[in-house]
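Just the heavy atoms: all of them, side chains too, but no hydrogens, waters or symmetry mates, feed the values below. Nothing here was measured: the structure is a model prediction, and the numbers come from that model.
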Amino acid sequence: MATTDDDRRPKYQRIADSLREAIQSGEYGPGDRLPGENELMATHGVARMTARQALSVLKDEGVAEARKGAGVFVRSFRPLRRRGIQRLAQEQWGSGRSIWSADIENRELVVDQVAVSEEAAQEHIRQVLDLADEETVCVRRRRFVLDGKPVLLATSYLPTSMVAGSAITQADTGPGGTYARLAELGYKPVHFREEIRSRMPSKEEAAQLSISAGTPVILICRTAFADEGRPVEINEMTLDAASYVLEYDFDA
């Protein structure tokens with residue numbers, strides 16, 4: 001009998017694939033407990049390590065999550081659809097709405113960590129913002145939690161000379177957020193550029209986002225520009241890759 005590609009896959013991968021198919025078919029729904037190591041060992045005739053590896057595959061993919069002392073469950077968190085173009089439209093922040101309102105619908109979003117400080121600019125920040133060596137930046141660090149799940153770490157850099165004394169230097173920037181305040185200061189963003197890449201998280205990032213070490217993160221660096229191409233903000237974001245769908249909808 002000919003050997004198929006499926007037969008050559010490691011046993012743990014075949015088990016993970018069958019569990020994933022069962023989830024996709026609805027056999028196991030959000031929040032349902034998956035078969036444990038003992039059940040998988042008995043059903044598939046494999047060693048405990050093989051069963052454990054199969055479950056780890058699903059956890060690393062963000063399909064399942066472990067609950068201490070209870071087992072492994074189908075992840076119930078619904079991925080966030082990040083509408084990359086609509087969220088930055090002036091009609092969002094210009095009317096006092098958060099740019100997140102284009103993404104979250106009626107879901108609960110909380111910024112549970114905010115730190116604002118004045119710091120010396122790192123070299124790459126200084127170059128992009130076109131700052132003199134002695135100029136400092138206002139740094140805003142936040143963690144965003146959606147439906148009780150940390151999904152995003154964001155750090156914004158703005159020239160201190162531009163935002164000093166404004167609400168941007170406060171924890172709560174007010175309706176419309178940073179971009180609305182920049183507009184009031186005479187530096188209305190008129191153009192944005194986002195660069196996207198991905199990598200594995202650091203231990204600190206994995207802890208802050210409550211993700212397993214095997215789940216990658218998406219890195220988005222956004223630069224906001226005012227009139228005449230003047231850069232006014234850099235926002236470096238770290239996203240839990242399993243929590244997002246990145247959507248870009250535009251005309252040809």
Side-chain angles (χ1 to χ4, degrees), residues 62 78-105 107 109 111 113-116 119 121-131 137-146 149-159 162-163 168 173 176-183 185 187-202 205 208-209 211 215-252:
R78 177 163 53 94
L80 173 65
R81 187 168 293 275
R82 183 183 187 272
R83 296 176 169 85
I85 294 176
Q86 294 92 325
R87 70 197 316 268
L88 293 174
Q90 184 179 340
E91 64 186 40
Q92 287 289 123
W93 49 267
S95 60
R97 295 196 299 270
S98 164
I99 62 175
W100 282 83
S101 62
D103 305 331
I104 63 174
E105 299 170 344
R107 303 172 71 178
L109 177 72
V111 183
Q113 296 177 11
V114 182
V116 185
E119 302 177 14
Q122 301 172 52
E123 178 63 19
H124 73 286
I125 299 295
R126 186 178 62 79
Q127 289 186 1
V128 173
L129 292 179
D130 194 24
L131 302 176
V137 285
C138 172
V139 183
R140 298 180 51 82
R141 295 182 174 88
R142 294 92 69 206
R143 184 174 79 160
F144 294 81
V145 178
L146 182 67
K149 167 72 176 72
V151 295
L152 169 70
L153 307 174
T155 303
S156 293
Y157 303 88
L158 306 100
M162 181 182 296
V163 302
I168 292 174
T173 55
T178 295
Y179 297 145
R181 303 292 80 75
L182 282 172
L185 292 170
Y187 304 105
K188 181 178 72 174
V190 297
H191 180 74
F192 297 96
R193 180 182 65 223
E194 288 193 343
E195 299 174 351
I196 302 174
R197 57 193 179 93
S198 64
R199 60 167 168 74
M200 301 309 294
S202 66
E205 290 167 338
Q208 286 186 287
L209 291 171
I211 57 178
T215 302
V217 290
I218 299 170
L219 306 177
I220 300 179
C221 180
R222 179 170 68 236
T223 305
F225 298 88
D227 285 330
E228 300 180 353
R230 178 173 183 174
V232 293
E233 183 225 26
I234 298 173
N235 190 349
E236 296 182 337
M237 294 163 274
T238 304
L239 293 67
D240 170 10
S243 294
Y244 277 88
V245 173
L246 304 184
E247 177 183 298
Y248 294 89
D249 183 7
F250 47 88
D251 295 331

Taking the side chain as every heavy atom from C-beta outward, state whether [X] and [Y] have any pair of such atoms under 4.5 Å apart.
X: Q122; Y: V139; value: no
X: L153; Y: Q113; value: no
X: S156; Y: R142; value: yes
X: L246; Y: L239; value: yes
X: D249; Y: I85; value: no

(request) Mind telling me whether F144 and W100 have parallel, tilted or perpendicular rings, with 30° and 60° as the class edges? (result)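 Geometry flag for F144 against W100: parallel rings.
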
[atom1]/[X] to [atom2]/[Y] distance, rounded to the nearest 0.5 angstrom?
X: E236; Y: I220; atom1: CD; atom2: CD1; value: 12.0 Å
X: R222; Y: L88; atom1: CZ; atom2: CG; value: 5.0 Å
X: L209; Y: L152; atom1: CG; atom2: CG; value: 8.0 Å
X: L146; Y: L109; atom1: CG; atom2: CG; value: 6.0 Å
X: E119; Y: I125; atom1: CD; atom2: CD1; value: 10.5 Å
X: Y157; Y: N235; atom1: OH; atom2: CG; value: 9.5 Å

(request) Take V163 and R181, measure what side-chain contact (heavy atoms from CB on, under 4.5 Å) needs, and give me the verdict at the end. (result) CA-CA 9 Å; V163 302; R181 303 292 80 75; over 6 Å; no

(message) Going by side chain to side chain contact (heavy atoms under 4.5 Å, CB included), name the residues that satisfy it together with S198, two or more places apart in sequence or in a different chain.
(response)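 Per chain and number, S198 pairs via side chain to side chain contact (heavy atoms under 4.5 Å, CB included) with no residue.
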
(message) Please tell me whether Y179 and E233 have a donor and an acceptor in their side chains that are separated by less than 3.5 angstrom.
(response)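 Result is yes, a qualifying pair exists.
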
Ignoring hydrogens, what is the shortest heavy-atom contact between [X] and [Y]? Give both atom names and the distance.
X: V232; Y: L158; result: O-CD2, 3.6 Å
X: D240; Y: Y244; result: O-CD1, 3.4 Å
X: T215; Y: P201; result: O-CD, 3.0 Å
X: P150; Y: R143; result: CG-NH1, 3.8 Å
X: I234; Y: C221; result: CG2-SG, 3.9 Å
X: A224; Y: P189; result: CB-CB, 4.3 Å

(message) Pair I211, K149 - check side-chain contact (heavy atoms from CB on, under 4.5 Å), show working.
(response) CA-CA 10 Å; I211 57 178; K149 167 72 176 72; 3.9 Å; yes

(message) Keeping R140 on the side-chain end and I168 on the backbone end, is there a donor-acceptor pair under 3.5 Å?
(response) yes

(message) Quick check on salt bridge (Lys or Arg N to Asp or Glu O under 4.0 Å): which of R81, R87, R82 does E247 satisfy it with?
(response)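 In the set R81, R87, R82, the residue that makes a salt bridge (Lys or Arg N to Asp or Glu O under 4.0 Å) with E247 is R81.
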
